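Remember, predicted model here, so these are calculated numbers, not experimental data. Side chains are part of it too, since the values below use all heavy atoms of this structure and drop only hydrogens, waters and symmetry mates.
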Amino acid sequence: QLQLVESGGGLVQPGGSLRLSCAASGFTLDYTAIGWFRRAPGKERDFVAAIHWRGTGTHYGDSVKGRFTISRDNAENTVYLQMDSLRPEDTAVYFCAAGRILTSSHAPYDYWGQGTQVTVSS
């Protein structure tokens, strides 16, 4: 069974950076994409970024374009989310998920991690 574990969250000042990791185990070819989503207090789950597990293709949410970068290390079965120029509105629990297609919709993602808290505050 596919399992995803997020790590790297924490407290950071506005303008700072964090690097989140999503470690996967039990991955199969049925799951072609890893997506990052976030849920801020009182808000719905939002799409952040996604990347193909193998091959090319990335997608970013409008609010993070130019600030966040998604990448992967297949040898370590890990997907990363480098977050730069962080803003207070980036404060949320960040989740990674494995999906059958690369999409901003959460519906095709079948497996989800437990999330890691990111707090951007001075």
Side-chain angles (χ1 to χ4, degrees):
Q1 182 176 336
L2 180 64
Q3 290 186 311
L4 303 172
V5 180
E6 304 96 334
S7 62
L11 175 64
V12 64
Q13 293 183 328
S17 298
L18 284 174
R19 187 194 191 200
L20 305 184
S21 298
C22 175
S25 62
F27 192 84
T28 74
L29 294 177
D30 291 336
Y31 297 94
T32 64
I34 298 293
W36 285 97
F37 295 80
R38 65 187 183 185
R39 186 178 64 216
K43 296 185 177 180
E44 299 295 325
R45 177 173 47 191
D46 292 328
F47 172 74
V48 177
I51 188 170
H52 282 124
W53 186 248
R54 302 185 191 279
T56 60
T58 59
H59 183 52
Y60 293 92
D62 290 340
S63 64
V64 306
K65 288 180 179 178
R67 300 189 298 120
F68 292 10
T69 304
I70 189 169
S71 62
R72 65 181 182 237
D73 184 341
N74 292 102
E76 298 294 331
N77 294 327
T78 301
V79 173
Y80 302 98
L81 183 69
Q82 178 67 41
M83 305 185 296
D84 298 319
S85 301
L86 283 163
R87 305 165 180 169
E89 53 263 41
D90 294 318
T91 296
V93 177
Y94 284 71
F95 302 87
C96 65
R100 297 180 182 275
I101 59 173
L102 194 151
T103 177
S104 60
S105 173
H106 66 268
Y109 293 88
D110 295 322
Y111 291 90
W112 294 77
Q114 295 299 307
T116 184
Q117 176 71 47
V118 172
T119 302
V120 184
S121 177
S122 59

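- Annotation for Ser63 and Arg38: closest pair OG-NH2, 3.2 Å, computed over non-hydrogen atoms.
- A centroid separation of 6.0 Å or more is found between the aromatic rings of Phe68 and Trp36.
- Atom CZ of Arg39 is surrounded by 12 or fewer heavy atoms from other residues, nucleotides or ligands within 6.0 Å.
- Within the model, atoms CG of Leu86 and OG of Ser121 stand 12.0 Å from one another, a figure rounded to the nearest 0.5 Å.
- Remark: side-chain polar atoms of Arg72 are paired, donor with acceptor, to backbone N or O of His52 under 3.5 angstrom.
- A heavy-atom distance below 4.5 Å is not found between the side chains of Tyr80 and Leu20.
- The shortest distance between side-chain heavy atoms of Trp53 and Val79 falls below 4.5 Å.
- Between Thr78 and Glu76, the closest heavy-atom pair is OG1-O, 2.9 Å.
- With contacts defined as side-chain heavy-atom distances shorter than 4.5 Å, the pair Val118/Leu18 qualifies.
- Linking Ile, Leu, Val, Met, Phe, Trp and Tyr residues whenever their side-chain heavy atoms come within less than 4.5 Å leaves Tyr94 and Trp112 in two separate clusters.
- Gln82 and Ser17 make their closest contact through NE2-CB, 3.9 Å (heavy atoms, listed as atom of the first residue, atom of the second, distance).
- Between Val48 and Leu81, some side-chain heavy-atom pair lies under the 4.5 Å cut-off.
- For the atom pair CG (Leu102) and OG1 (Thr58), the distance works out to 7.5 Å, reported to the nearest 0.5 Å.
- Note that CD of Gln3 is 9.5 Å distant from CD of Gln114, once rounded to the nearest 0.5 Å.
- Residues Met83 and Val93 are members of separate hydrophobic clusters, defined by side-chain heavy-atom contacts under 4.5 angstrom among Ile, Leu, Val, Met, Phe, Trp and Tyr.
- Contact of the Pro88 side chain with the Pro14 side chain is registered, since non-hydrogen atoms from C-beta on lie closer than 4.5 Å.
- In terms of heavy-atom proximity, Cys22 sits nearest to Ile34 at SG-CG2, 4.3 Å.
- In terms of hydrophobic clustering, with Ile, Leu, Val, Met, Phe, Trp and Tyr side chains grouped at heavy-atom distances under 4.5 Å, Ile51 and Tyr109 are assigned to different clusters.
- In this structure, Phe37 has its ring center closer than 6.0 angstrom to the ring center of Phe47.
- Side-chain atoms of Arg67 come within 3.5 Å of backbone N or O of Ser85 as a donor-acceptor pair.
- Crowding of His106 atom NE2: a count of heavy atoms from other residues, nucleotides or ligands under 6.0 Å not exceeding 12.
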* Asked: Would Asp62 and Lys65 count as a salt bridge (charged side-chain N to carboxylate O under 4.0 Å, His left out) if you check the C-alpha gap in whole Å, the side-chain angles of each, and the deciding distance to 0.1 Å?
  -> CA-CA 5 Å; Asp62 290 340; Lys65 288 180 179 178; 3.2 Å; yes
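- Contact between Pro108 and Ile101 at its shortest, heavy atoms only, is CB-CG1, 4.0 Å.
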* May I have the step-by-step check of side chain to side chain donor-acceptor pair (under 3.5 Å) for Ser71 and Arg19, ending in yes or no? => CA-CA 11 Å; Ser71 62; Arg19 187 194 191 200; 5.3 Å; no
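- Residues Ser21 and Glu6 form no side-chain contact, since every pair of their non-hydrogen atoms from C-beta on lies 4.5 Å or further apart.
- Between atom CG of residue Asp90 and atom OG1 of residue Thr119 there is a gap of 11.0 Å, rounded to the nearest 0.5 Å.
- Residues Ala24 and Leu4 come closest through the heavy atom pair CB-CD2, 3.6 Å.
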